[in-house]
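Data first, discussion second: the structure below is written as structure tokens.
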Protein chains: 2
Amino acid sequence: MDNKNNKAITNQEVDFAAWYTDVVREAKLCEYSSVKGCLNYLPNGYAIWENIKSILDKKFKETGVENVYLPVLIPESLLQKEKDHIEGFAPEVALVTRGGGEDLEENLCIRPTSETLFCDIWQHMVKSYRDLPLIWNQWNSVFRWEKTTRPFLRSREFLWQEGHTLHATKEEAFERTKMMLQVYYDFVTKDLAIPIICGQKTESEKFAGAEATFTIESMMKDGKALQSGTSHFFGSGFPDAFGIKFTDAQNKLHSAYETSWGLSTRIIGALIMVHGDNSGLVLPPRIAPTQIMIIPIAQHKDGVLDTCSKVYKSLEDAHFRVKMDISDKTPGYKFSQQEVLGIPLRIEIGPKDIENKQVAITRRDNHEKIFVKMENLLDNVKEILDSMQQEMYDRALKHLNENIYPATTIEEMLEIDKKNKGFIKAMWCGDAECEQKIKEKTNGYGSRCIPFEQEQISDKCVCCGKKAKHMVLWGKSY
Amino acid sequence: MDNKNNKAITNQEVDFAAWYTDVVREAKLCEYSSVKGCLNYLPNGYAIWENIKSILDKKFKETGVENVYLPVLIPESLLQKEKDHIEGFAPEVALVTRGGGEDLEENLCIRPTSETLFCDIWQHMVKSYRDLPLIWNQWNSVFRWEKTTRPFLRSREFLWQEGHTLHATKEEAFERTKMMLQVYYDFVTKDLAIPIICGQKTESEKFAGAEATFTIESMMKDGKALQSGTSHFFGSGFPDAFGIKFTDAQNKLHSAYETSWGLSTRIIGALIMVHGDNSGLVLPPRIAPTQIMIIPIAQHKDGVLDTCSKVYKSLEDAHFRVKMDISDKTPGYKFSQQEVLGIPLRIEIGPKDIENKQVAITRRDNHEKIFVKMENLLDNVKEILDSMQQEMYDRALKHLNENIYPATTIEEMLEIDKKNKGFIKAMWCGDAECEQKIKEKTNGYGSRCIPFEQEQISDKCVCCGKKAKHMVLWGKSY
């Protein structure tokens, strides 16, 4: 980027991790709080999350989801009811041991996830097939005692939604698991312009207590993977552990089937690292809290502010999310701010533009400057935003496709690791030991997923050479 | 109510407290969880909160509010920075003493409120007058170790919004305090149809750490008061305790001024107790998650379901929140459900209606049944909903006005308490000791507020007989 206005941001090519931290700080998205490992979500960052919530919540409700809110605390005994689950989460919980000035009889955990709370309600509520299905979701925060943290990517407390559903049949629960993965896929690809590989997690990587975990995986600009959303099929494990049974029309008792699915503020990290450039954030128009920033040029001259206000009003009336910066700062400073924040379009209006009955629109993603006649403004802005959304996706998809490499041996994987960044597709026998060995021998290429779209790279496991079962996507990850 | 369909609800006149508990249970709004004193907010209850959030958040943003999210935990030392504040909240905090399998060096409190967290951020962020004002808000849950709890009215964890703002001048901060009280007033009176008395809390009743607390007080059907929202002016107490100072244009250091303001899920308790009747909830149209329930009559007959679907579609397209119950349950059961849930309008459509090109609309609040021609449906539904909203407010206002009694002596107050339910307006000298004595001697009439609209009931304090300073509104409260 030649016209980089903010010098406080390290170049991506120099140090990607430093670039990320700089963008988060300069765009004032979030910051560490006084509570170790916990974030303050600041207005600019939280506004992105609000838009994510609003769009995704609408999509959920279209599939019949109802929202609830369950307690922030879980009694220790409740968390322990499902064996795999407590093994997965016990080391990470924060424990409340005192309340109201007294030691508690039973310690309470700050929820690391809420499967146990949902099952606890359902065991009282579900009696007959008429009570099913239950399609519930909550937008909340969860707490996991992480040792190392990074803004949005890993913090002790993070924001997410956790959907939990209960069904009369295995088939219906499985269908819901896949349906919600599809909702995530549609949202992330269409609204966030982030290309996705969908697949199933291996046994070692699946959620603590689940029978199957499905995932949407995305690739950052540095070639690393980010798990962007997961949908779990639980079977009857949890419901049985909680004694949830229902009677059918013939009064016969049956086990119920459960799912859960979640997407968190990590996705903001993906937004930054998939689209951002050396000037800062680049937000896809559909998710950007502000889509257009109007900046007057020579604003003291007759008619400039007046025209800016008229343009502002007409864009606002047409439901674009628009702001106008009429502060006494220089246009250069204002440009820099609009760029750091990733606002998709900048509209400059100066005396010459007014004379020519036009405005100058600059796209944030490719810095293209377009002169648009006033009379066509609304139509043109819509077209430009739509093109930008599509081209941002196409560009990211190209990057993803160009950075997946096939390998048939560990040596080939090492060779790829030396020359390239990105994902590796290679065959696997299905043995967890091989999966572990591959990660160790290749400097950290872990199994991201078994993609739904399989290819036959070879017929042997990349590690042990035995008969291969699946093609696995391998990657270094956040 | 002659046509009461749900026998599981105690009559208000028999036992108001039991009626309340029955309505909360039968309408499936919330329930106690396995965590003592904590609620599960179920879909029907949470949907009301979602509507409250959505309307109020829009009003906030129109006044320049930005949303953030700060951590659920506060280090003990941080909570202790403001003396009055910690004295107010220390007995109620839940303490995290272990995390990640180890004892913590410093205990962490689950936030009972977040003044200290906001100040903690601002002390790093605010340097010059250019950094002010900061107009922030968060929608979150807070935790207070209450001993006795009631659904929505008092629970250990509850949902709310807490706005926190920081200003360069005392005047601006004071203006914001009053502005947000006005936002609450407008919202509660117009959208919730709950009449309000605005005023200032006495010194004993103000928020821990505030210089002045303003409140909106409402009256339940049993004559008790419910504090429905508060707005606090902090002066410089908190900012000074946190070392927040800013430089003006001449580089001179100044103290900053703070406000905070909150409205919680308690307001759902007010909605229930101001409008509810012996059949269940009665929700004002503007806040009702579902405004219209369509119930087919003789739905197996030709054309009935088809007509219902058409009516449903036309109402939905006109942005009414409408549902249709085409289950195989009896119309009587469906009526009962619609009544318990407080859905404002019921539309019945049967073969005779189709013949007459009409539908039968029944208002939830007064059980009035109106036949409306299909061709006028949309206009009429809008009119009926608007009238219902207004009449619900008028009815509640009449109840409030008819149940406020003037008193000039403690004896008169006791006399009123014997014969009536409601509020008492009486003069007060300003002495906290008198305030306390009045409460003790009158079976619990506490000071609700010093109303902005003052009257001269007498010139002497109702307790000590000395010169009166204010007219105070006294009431028993939730």
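Quick note on labels: first sequence line is chain A, next is B, and so on, each numbered from 1. All values below come from the heavy atoms of this structure, side chains included, with hydrogens, waters and symmetry mates left out. Keep in mind that this is a model prediction, so the values were computed, not measured.
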Tell me which of these, B/Tyr46, B/Tyr41, B/Tyr69, has more heavy-atom pairs under 4.5 Å with chain A than the rest. B/Tyr69

Main-chain N/O of B/Lys53 paired with B/Asp57 side-chain donor or acceptor, under 3.5 Å: no

Heavy-atom pairs under 4.5 Å with chain B are the metric here; pick the option from A/Glu66, A/Glu157, A/Arg98 that has the most. A/Glu157

At a heavy-atom distance under 4.5 Å, which candidate from B/Ser34, B/Gly101, B/Cys38 has the highest pair count against chain A? B/Ser34

Interface residue of largest heavy-atom contact number with chain B, from A/Pro71, A/Ser155, A/Ala47, A/Ser54, under 4.5 Å: A/Pro71

Below 4.5 Å, heavy-atom pairs only: which of B/Leu159, B/Ile74, B/Asn67 has the largest tally toward chain A? B/Asn67

With only heavy atoms counted, which part of A/Val72 is less than 4.5 Å from chain B, the side chain, the backbone, both or neither? both

Looking at A/Leu95, A/Ile121, A/Leu39, which one has more heavy-atom pairs under 4.5 Å with chain B than the rest? A/Leu95

A/Leu108 versus chain B, the contacting section by heavy-atom distance below 4.5 Å: side chain

Pick one of side chain, backbone, both or neither for A/Glu106, based on which atoms fall under 4.5 Å of a heavy atom in chain B. neither

Testing A/Val65, A/Thr165, A/Leu56, A/Val68 one by one against A/Asn137 for a side chain to side chain contact (heavy atoms under 4.5 Å, CB included), which residue passes? A/Val65

CG on B/Leu341 to NZ on B/Lys28, rounded to 0.5 Å: 8.0 Å

Heavy-atom proximity to chain A below 4.5 Å, by part of B/Glu31: side chain

I need the B/Asn40 CG to A/Phe118 CZ distance, nearest 0.5 Å. 9.0 Å

If you count heavy-atom pairs under 4.5 Å between each of B/Asn107, B/Leu78, B/Leu104, B/Val96 and chain A, which one has the most? B/Val96

Part of A/Pro91 lying under 4.5 Å from any heavy atom of chain B: backbone

Largest heavy-atom contact set with chain A, pairs under 4.5 Å, which of B/Ala94, B/Cys30, B/Gly100: B/Gly100

Given a strict heavy-atom distance threshold of 4.5 Å, which part of A/Asp120 is in contact with chain B: side chain, backbone, both, or neither? side chain

Rounded to the nearest 0.5 Å, what separation is found between the CD1 atom of B/Ile52 and the CH2 atom of B/Trp160? 15.5 Å

To the closest 0.5 Å, what do you measure between CD1 (B/Ile110) and CH2 (B/Trp145)? 8.0 Å

Would you mind checking which part of B/Gln138 comes under 4.5 Å of any heavy atom in chain A, side chain (CB onward), backbone (N, CA, C, O), both or neither? neither

Any ion pair linking A/Lys329 and A/Asp325 (charged N to carboxylate O, less than 4.0 Å)? no

Region of A/Trp136 that comes under 4.5 Å of a non-hydrogen atom in chain B: side chain

Indicate yes or no for a side-chain donor-acceptor contact from A/Thr259 to the backbone of A/Arg176 under 3.5 Å, with no hydrogens or angles considered. no

Please round to the nearest 0.5 Å and tell me the distance separating atom CG of B/Leu166 and atom CZ of B/Phe238. 12.5 Å

Give a yes or no answer on whether the side chain of B/Gln161 reaches the backbone of B/Leu263 with a donor-acceptor pair at less than 3.5 Å. yes

Indicate yes or no: at least one non-hydrogen side-chain atom of B/Ile86 is less than 4.5 angstrom from one of B/Lys81. no

At a heavy-atom distance under 4.5 Å, which candidate from B/Leu117, B/Val93, B/Asn140 has the highest pair count against chain A? B/Val93

